[in-house]
Protein chains: 4
Amino acid sequence: MRKQPKQTRSIKTRKALTAALESLLKEKDFDQISVAEIASTACVSTGLLYSHFKNKADFLEALLETYKERIVKRLEEAESEDVSVEYRNAGSLREALRIISNYTYQQLQGDAHIIRALSQHLRARPESEQAEWQDLRTRAALTLTAVLDVYSDDLARTDRQLTEKIFVYFFNSIFYEVIQNRKLGNISVYDLPSEVFTVEIADIIYGYLTTSPM
Amino acid sequence: MRKQPKQTRSIKTRKALTAALESLLKEKDFDQISVAEIASTACVSTGLLYSHFKNKADFLEALLETYKERIVKRLEEAESEDVSVEYRNAGSLREALRIISNYTYQQLQGDAHIIRALSQHLRARPESEQAEWQDLRTRAALTLTAVLDVYSDDLARTDRQLTEKIFVYFFNSIFYEVIQNRKLGNISVYDLPSEVFTVEIADIIYGYLTTSPM
Amino acid sequence: MRKQPKQTRSIKTRKALTAALESLLKEKDFDQISVAEIASTACVSTGLLYSHFKNKADFLEALLETYKERIVKRLEEAESEDVSVEYRNAGSLREALRIISNYTYQQLQGDAHIIRALSQHLRARPESEQAEWQDLRTRAALTLTAVLDVYSDDLARTDRQLTEKIFVYFFNSIFYEVIQNRKLGNISVYDLPSEVFTVEIADIIYGYLTTSPM
Amino acid sequence: MRKQPKQTRSIKTRKALTAALESLLKEKDFDQISVAEIASTACVSTGLLYSHFKNKADFLEALLETYKERIVKRLEEAESEDVSVEYRNAGSLREALRIISNYTYQQLQGDAHIIRALSQHLRARPESEQAEWQDLRTRAALTLTAVLDVYSDDLARTDRQLTEKIFVYFFNSIFYEVIQNRKLGNISVYDLPSEVFTVEIADIIYGYLTTSPM
DNA sequence: TATGAATGAGGTTTCATTCAT
DNA sequence: CATGAATGAAACCTCATTCAT
């Protein structure tokens with residue numbers, strides 16, 4: 001039902017619509033954005049949206065799908081190269097973690113509005129629809145934990161499996177609030193330059209990994 | 001405009017309505033809950049809701065106000081007593097952090113649905129309305145950072161101000177995903193018993209505090 | 001989903017809505033009647049229609065259901081009494097047929113607008129939904145053919161089964177055009193008083209029944 | 001405004017469009033057929049449809065016009081020849097009626113979808129527009145009643161004018177339901193072969209004509 | 001006070017028609 | 001001529017809010 005436009009004009013419109021939606025998502029939730037608003041932001045008529053997407057929900061899903069494809073591409077790149085090499089090139093666990101921290105933050109920051117929409121979308125769906133996203137999370141986790149293999153000698157933690165879980169959870173959560181509530185949250189941290197911020201975040205998890213669990 | 005009911009029956013109704021709203025917030029977002037739904041869950045008529053609250057938004061605000069009062073009370077208790085004593089009683093920084101971690105997690109867990117609603121509510125408001133919540137956050141931060149004073153000798157970090165910011169940010173963020181997406185998120189961590197989970201979370205920040213920043 | 005109102009005001013509204021729909025159906029097809037039109041004819045708001053009926057289609061179905069119940073009641077009456085007696089009381093086959101003709105015409109005439117809507121409604125449905133109406137047609141057919149038993153001596157037709165089929169078909173079809181196109185059709189017949197018309201119609205089928213099939 | 005295309009390609013398009021519409025009319029009502037649907041069935045663009053027809057209604061009217069021309073041609077043929085001869089050749093009133101019955105049924109059957117559309121179209125129009133169709137009906141009626149002149153000796157009816165009206169009405173109505181609701185209606189008659197069916201139909205009116213009105 | 005019927009603004013969606021390419 | 005993208009009016013439907021009872 002979602003049409004794959006071949007013509008230039010159509011593609012342009014589609015891009016305008018998508019750009020309009022993304023732009024509006026930076027300001028408010030999807031449910032609070034009306035179709036008329038999207039259309040007028042994109043400078044097209046409301047009807048046109050429906051010749052590109054089955055309905056409003058389908059439009060969002062198309063956007064999320066695009067995002068997913070972007071993620072998949074990133075993952076495939078990461079999986080094709082040997083991330084271990086990169087991590088090793090960093091020179092130290094601490095430095096590797098800082099790279100991860102900064103990279104993750106930049107990515108999430110850029111996609112914050114989409115991620116917010118995605119969370120809300122999935123929250124309202126049955127678990128079945130969440131499965132494919134879980135798959136990506138798992139793959140991302142593998143890429144992430146590779147750093148633990150490279151620097152396993154530095155790890156002071158005894159339970160490797162637990163360490164991995166916590167490690168992955170940490171990077172999934174720690175930037176969550178910044179993404180959700182750029183203007184909210186604990187303002188104290190927002191006046192930090194992002195380079196300082198991400199270095200500290202890296203150091204948090206570094207301390208964990210290298211401190212023995214007593 | 002919001003009426004302060006003195007009569008017993010009226011209070012009962014108000015409680016029923018509030019309970020209904022809270023119960024529904026555990027399942028879905030505020031915007032997806034209709035007034036009719038709340039009323040029927042509370043076994044009262046829709047009209048009655050409007051004699052207790054000016055409108056739907058006002059109802060939520062009243063609920064958030066109640067939540068705020070609960071928070072304020074907690075803070076006042078914490079501020080009246082000397083938290084330092086409690087932290088010292090813990091015996092060690094590590095143990096103190098575990099107590100904080102567990103306490104914070106339990107509180108957030110219990111209020112997850114309200115916090116979710118609060119986030120969404122504030123996201124749609126001008127910053128002015130967020131100010132009063134910021135105030136509470138600041139006060140909570142002070143209570144939190146008291147532990148750093150008690151165990152300042154254990155700290156390996158050099159920049160005290162930065163350490164505090166990160167420390168506060170950490171506890172504000174690290175449980176965020178669990179709260180937002182109980183059934184989503186990084187599933188890997190959800191099979192952990194909460195006692196194990198909160199201990200690890202405490203250890204993360206413990207490692208940070210006690211590791212020198214290179 | 002369709003609510004059974006107990007309250008007087010609600011019932012009044014429902015009646016007003018139904019009356020409005022019936023009235024409009026006399027002028028045009030259901031698809032050409034807008035919800036706004038129905039509501040304004042009934043002097044209520046559009047929204048109110050939706051607290052009585054799930055949607056526009058459901059409203060029509062409710063009307064058809066009411067009609068069906070009326071038909072069922074008529075059939076049950078006919079089935080409980082002994083129609084044979086009535087037919088015999090008519091005194092002759094010819095007279096009995098005239099009674100049937102007139103009765104059938106009057107009924108169809110009064111319900112013409114509903115029958116028109118019903119036809120269109122069923123035409124757009126899968127056969128499954130038509131089944132229950134078929135049942136009623138069958139029962140009506142039995143009531144009808146009873147007259148053939150009473151006056152079987154007068155019948156000149158040899159194939160009884162065929163005769164019954166044709167007999168039933170005749171009464172189902174012969175008034176169809178008058179119902180569908182009151183203002184159209186073969187105008188020549190419309191200037192006849194209905195008493196004359198129905199008598200002739202009865203005579204048509206009388207001639208068939210009493211003429212030997214060659 | 002409706003263009004009379006001279007060019008071959010144009011005529012081909014017009015035919016494709018008309019064929020598409022006719023084909024769709026066999027499945028559903030005109031109102032339920034969208035312009036896009038017609039165009040895509042005809043494998044042309046929607047815009048092209050509008051260079052052939054002023055608008056959607058005009059397209060239907062053109063189709064009905066074609067149908068009317070077909071009818072007119074048939075009538076002219078009938079009127080140019082002496083139908084009386086044909087009827088006489090049948091050998092008997094009964095046989096002549098069977099021929100009429102079968103012929104009428106076949107014609108209506110083949111044009112059922114158009115007749116259905118025509119009925120609905122006229123129903124929504126002011127009587128003025130129906131006038132020209134009435135004219136054709138009148139002419140058709142004359143052709144039909146010619147058989148009564150040929151076999152006037154066989155008629156038992158006394159009121160000739162009334163007999164003619166009823167006779168014409170009969171043939172206009174009796175096939176109506178089969179046309180409207182091929183899959184609905186009184187199923188009992190649909191399992192009959194059409195030859196048997198049309199013979200019985202002829203016999204119905206034969207009985208009427210040859211039975212004295214008491 | 002309590003009810004739930006009634007309102008109507010606002011959102012989504014469809015589709016006949018136009019028009020740039 | 002031909003295309004199908006673009007338009008926008010009009011239909012359906014929802015739901016916060018009001019009001020008669």
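What's counted below: heavy atoms across the whole structure, side chains too, no hydrogens, waters or symmetry copies. In what follows, chains carry the letters A, B, and so on, assigned in the order in which the sequence lines appear, proteins first and then strands, with residues in each chain numbered from 1.
Of all nucleotides listed (dA20(E), dA5(E), dT12(E)), dA5(E) comes nearest to the side chain of Ser10(C).
One finds a side-chain N or O of Tyr50(B) lying less than 4.0 angstrom from the OP1 or OP2 phosphate oxygen of dT17(F). Taking 4.0 angstrom as the limit, His52(C) places a side-chain polar atom (N or O) nearer than this to OP1 or OP2 of dA6(E).
Nucleotide dA11(F) holds its P atom 17 Å from the CZ atom of Phe59(C), rounded to whole Å. Between Glu61(B) atom CD and dA16(F) atom P there is a gap of 15 Å when expressed in whole angstrom units. For the pair Gln32(B) CD and dT14(F) P, the computed distance is 15 Å after rounding to whole Å. Protein atom CD1 of Ile33(B) is 12 Å distant from nucleotide atom P of dC15(F), rounded to whole Å. Look at NZ on Lys56(D): it is 20 Å from P on dA9(F), rounded to the nearest Å. Nucleotide dT13(E) holds its C1' atom 17 Å from the CD atom of Glu37(A), rounded to whole Å. Rounded to an integer number of Å, the gap from Ile11(C) CD1 to dT21(F) C1' is 16 Å. Taking atom CD1 of Ile38(C) as the reference point, atom P of dA11(F) lies 12 Å away to the nearest angstrom.
The backbone N or O of Ala19(B) lies less than 3.5 Å from no partner atom in the side chain of Ser23(B), so there is not a single donor-acceptor pair. Distance alone, capped at 3.5 Å, places no donor-acceptor pair between the Asp29(B) side chain and the Asp31(B) backbone.
Place Val35(A) and Val44(B) on DNA chain E by their nearest nucleotides, and Val44(B) ends up nearer the 5' end. Residue order along DNA chain F, read from the 5' end via each residue's closest nucleotide, puts Ser45(A) first among Ser45(A) and Asp31(B). Map Thr13(D) and Ala36(B) each onto its nearest nucleotide of DNA chain F; the residue landing nearer the 5' end is Thr13(D). Both Leu49(C) and Leu48(A) lie near DNA chain E, and the one whose nearest nucleotide falls closer to the 5' end is Leu49(C).
A heavy-atom distance below 4.5 Å is not found between the side chains of Phe30(C) and Leu24(C). Proximity of Glu61(D) to Phe53(D): side-chain heavy atoms (C-beta onward) are nowhere separated by under 4.5 Å. Here the side chains of Leu118(C) and Asp111(C) are not in contact, with every heavy-atom distance at 4.5 Å or above.
Note on Thr46(D): a base of the nucleic acid sits closer than 4.0 angstrom, heavy atoms only.
In a base pair of the Watson-Crick type (N1 to N3 plus N6-O4 or O6-N4) or a G-U wobble (N1-O2 and O6-N3), with each distance short of 3.5 Å, dT21(F) is matched with dA2(E). Base-pair partner of dA10(F): dT13(E) (Watson-Crick or G-U wobble, both distances under 3.5 Å).
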